[in-house]
Amino acid sequence: MGTGQCPVKRYNRRLRDLIVAGRARPYFLVSHEFPLSRAPEGYRHFDRRDEGWTKILLHPDGVAVEHS
């Protein structure tokens, strides 16, 4: 088994388009959602690798979105 970083720039726009079109739903990866004002708190947990903190979704307008 190998590990490494994904070539993000290669897939970034295509994945965004799939999400916007509703064809990809990556929200199962998101463990926490915060307004942008709470970003430092969220990243402290993420950086310490606290249990259950896998991905943080930040909302610049402070409004969380319902995911189905």
Note to self: Restricting to non-hydrogen atoms, name the atom on Ser31 and the atom on Gly52 that form the minimum distance, rounded to 0.1 Å.
What the structure shows: CB-O, 3.1 Å
Check: Can you tell me how far CZ of Arg38 sits from NE2 of His32, rounded to the nearest 0.5 angstrom?
Finding: 9.0 Å
Margin query: Just verifying a value: how many Å separate Phe46 CZ and Ile56 CD1, rounded to the nearest 0.5 Å?
Written below: 6.5 Å
Next item on the list: Could I get the full list of side chain to side chain contact (heavy atoms under 4.5 Å, CB included) partners for Asp50, not counting sequence neighbours?
Entry: His45, Arg48, Trp53
Check: Where do Thr54 and Phe28 land on the side-chain contact (heavy atoms from CB on, under 4.5 Å) test, with the steps shown first?
Finding: CA-CA 10 Å; Thr54 55; Phe28 68 94; over 6 Å; no
Check: Considering only heavy atoms from C-beta outward, does the side chain of Pro35 approach that of Leu58 to under 4.5 Å?
Finding: no
Check: Under 4.0 Å between a Lys/Arg side-chain N and an Asp/Glu carboxylate O for Arg44 and Glu41?
Finding: no
Notebook entry, point to check: Leu36 and Tyr43: same hydrophobic cluster, using ILVMFWY side-chain contacts below 4.5 Å?
Noted result: yes
Margin query: Looking at every heavy atom in both Ser37 and Pro40, which two are closest together, and how far apart are they?
Written below: O-CD, 3.9 Å
Notebook entry, point to check: Does Tyr27 reach the side chain of Leu57, with side-chain heavy atoms less than 4.5 Å apart?
Noted result: yes
Checklist line | Leu18 and Tyr11: CA distance, side-chain angles, deciding distance, side-chain contact (heavy atoms from CB on, under 4.5 Å) verdict | finding: CA-CA 11 Å; Leu18 289 171; Tyr11 300 108; over 6 Å; no
